[in-house]
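Taking it in order: structure first as C-alpha cells, then the write-up.
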Amino acid sequence: MDEEAIVQRCKDGDLMAYRQLYERYEQPFLRTACRMLGRQQEAEEAVQETFLKLHRGIHHYKGGSRFSTYFFRILINTCTDILRQRDPEFGEDLEKAGMAFQPSIDLRQSLEKAIASLPAQARVCFILFAVEELSQTEISQILGIRVGTVKSTLHRARANLRKQLSVSLKGETA
Amino acid sequence: MSCKELEKFDRGKIDEAEFLKHAGDCPVCQEALRLDTEIFSLSKSLKQLVEAPFLWNRIEESLCQAPREVPIRKVWWRSWRFASAVVVLAAVVCLGIYFAHPKDIPSSGLLTQKALTRVEQKEQEYMQAIRNLEKLVLPQMAGLDLELNFLYRSRLETIDAQIKQCREALVFNSGNAHIRRHLMMALIDKKQTLVDVINLMN
C-alpha cells in the first residue's frame, strides 16, 4: 500500500495504519536505535516513544519531505534525547568519542565495536548510510545538516573504522 | 605507511574520482580502498533481525492511551483569502447598489399599477436569471475552498432570508415601493453573488 495513504489513515486515527507503519519500520528503527544507544531495552523504548510522538503530531506532517525521512528524524531525535539524558554534555560535543575500541576475534563483532566507538554524529551517519543504505541527501534531511557535512563525516568515519579494523581485516584475509 | 592523498581523501579534500585515479598507482591507497570495500560489505551484514516480540503490544497500548494533539484549525476570519473575499464582496455590493439602483421605484409611497407591472416584470427577469445561475453554481459549490464555500453559502442564505421577508410583507401590501425597492436590491445582490462564485470557480 502507498505510504502516503497509510499516513493519511494514521492522521484519521486508524490504529491498523500504525501497525502497518510498524511492520515497515520496526527493523530499521530497532537496528539504528540499538546501535545509537547500545542497549536493546532503551532502543525499544526509543521506538515506542517515536510512534507516540508521531501519533501526537502527525497532523504537522504536510508531505513536504519523504515520510521515511520525517519518521527517521523523530527516531534520531528521540535517541539523541536519551543520550543527552544519559550524558548531559552529549549535545555540546557530538564529535566526542564513544566507547573505547577493543579488537575482537569475530570480524562482525569487531565492526560493531568499532562503530560503537565512533563519535556520535559519525556513528549515526555511518549506520544510516552503510547499514540502512539511505542516501546522503536523506541523511542530511534526517539530521538537519548539509550534504557536504554528511560527506565529510562519512569520510572521517570510514578512515576511523579503517584504522581500527585494519589489523582484523588483514588477519582475516591473510 | 601513509599517503598524503589518502589523508586528503579521508578529510574530504579531494573527490572520489581524483582519488581513484591516484590509487591506481599507489599501493597504500589501493590497500585503503580494499579495506573500505570490505568494511562496507561487512556493514551490510549488520542488517540482522532484532527480536522484540512484545514491542508492538506496548506501542498499541500507549497509542490507545495517548491523547492526540488536535490540529489547531485555521481561524477562518483571519485568513487572508477570507478577508480579501469580504473586501471584494463589499465592493461589489456597493457598486451594485450604486449602478443598479432601481431608480424607477420611488423610495417611499405606493407604486402606480403601471409602475408595479414594470417592477414585477423586472423582478421576474432577475428571478429567472438567478434560477439559471443557481443551476450552474450550487452543484459545484462543494468544490470551492472550505472557507469560501462557507462564506458564500451564508451570504446566499442571508439574501434568501431577506427575499423571503420582502415577499411575505408584499402579500398584504404589494404596491409598497419601500419593500419593492428592498426586494429588488436583494435580487440584484443575489445575482451578483452567484456571478462572483462562478468567477471564483473559473
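Chain letters run A, B, ... following the sequence lines, proteins first and then strands; every chain starts at 1.
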Chain A contact via B:F9 - which portion, at a heavy-atom distance below 4.5 Å: both
Under 4.5 Å, counting heavy-atom pairs only, tell me which of A:P28, A:A159, A:A130 racks up the most with chain B. A:A130
Is the number of heavy atoms from other residues, nucleotides or ligands within 6.0 Å of CZ (A:R66) greater than 12? no
Taking the side chain as every heavy atom from C-beta outward, state whether B:S62 and A:Q48 have any atom pair closer than 4.5 Å. yes
Any side-chain heavy atom of B:K44 sitting closer than 4.5 Å to one from A:V131? no
Where do B:S45 and A:R108 land on the side-chain contact (heavy atoms from CB on, under 4.5 Å) test, with the steps shown first? CA-CA 8 Å; B:S45 74; A:R108 210 160 69 175; 3.2 Å; yes
Distance check, rounded to the nearest 0.5 Å: B:L63 atom CG versus A:L52 atom CG? 5.5 Å
Residue pair A:E133, B:K47: steps toward the salt bridge (Lys or Arg N to Asp or Glu O under 4.0 Å) verdict: CA-CA 10 Å; A:E133 299 177 76; B:K47 225 176 182 176; 3.1 Å; yes
Describe, in one word, how the ring planes of B:W56 and A:F51 are oriented to each other, choosing from parallel (under 30°), tilted (30 to 60°) and perpendicular (over 60°). perpendicular
CD of B:E38 to OG of A:S166: how many Å apart, nearest 0.5 Å? 11.5 Å
For the pair A:R158 and B:D10, evaluate salt bridge (Lys or Arg N to Asp or Glu O under 4.0 Å) and give the outcome as yes or no after the intermediate values. CA-CA 8 Å; A:R158 184 159 56 179; B:D10 284 343; 5.5 Å; no
Please tell me if the side chains of A:F126 and B:S43 come closer than 4.5 Å, counting only heavy atoms from C-beta onward. yes
Who among B:S41, B:C64, B:A32 has the most heavy-atom pairs with chain A under 4.5 Å? B:A32
Considering non-hydrogen atoms only, spot the tightest contact between A:E44 and B:L55 and give its length. O-CD1, 3.5 Å
Ranking A:Q40, A:R19, A:K151 by heavy-atom pairs under 4.5 Å to chain B gives rank one to A:R19
Under a 4.5 Å heavy-atom cutoff, which of B:L42, B:I59, B:L46, B:I39 has the most pairs with chain A? B:L46
Quick check on B:E51 against chain A: is it the side chain, the backbone, both or neither that has a heavy atom closer than 4.5 Å? backbone
Do you know which of A:R35, A:E132, A:E26, A:E112 has the most heavy-atom pairs with chain B at a distance under 4.5 angstrom? A:R35
First locate atom CZ of B:F40, then atom CG of A:L111, and finally report the distance between them rounded to the nearest 0.5 Å. 10.0 Å
Measure across B:Q48 and A:R31 and return the closest heavy-atom pair with its distance rounded to 0.1 Å. O-CD, 3.4 Å
If we ignore hydrogens and angles and just use 3.5 Å, is the side chain of A:Q27 paired with the main-chain N or O of B:V50 as donor and acceptor? yes
Let me confirm one number: the OH-CD distance from A:Y22 to B:E60, rounded to the nearest 0.5 Å. 11.0 Å
Within the supplied structure, the quantity of interest is the number of heavy atoms (other residues, nucleotides, ligands) at a distance under 6.0 Å from A:R146 CZ; does it exceed 12? no
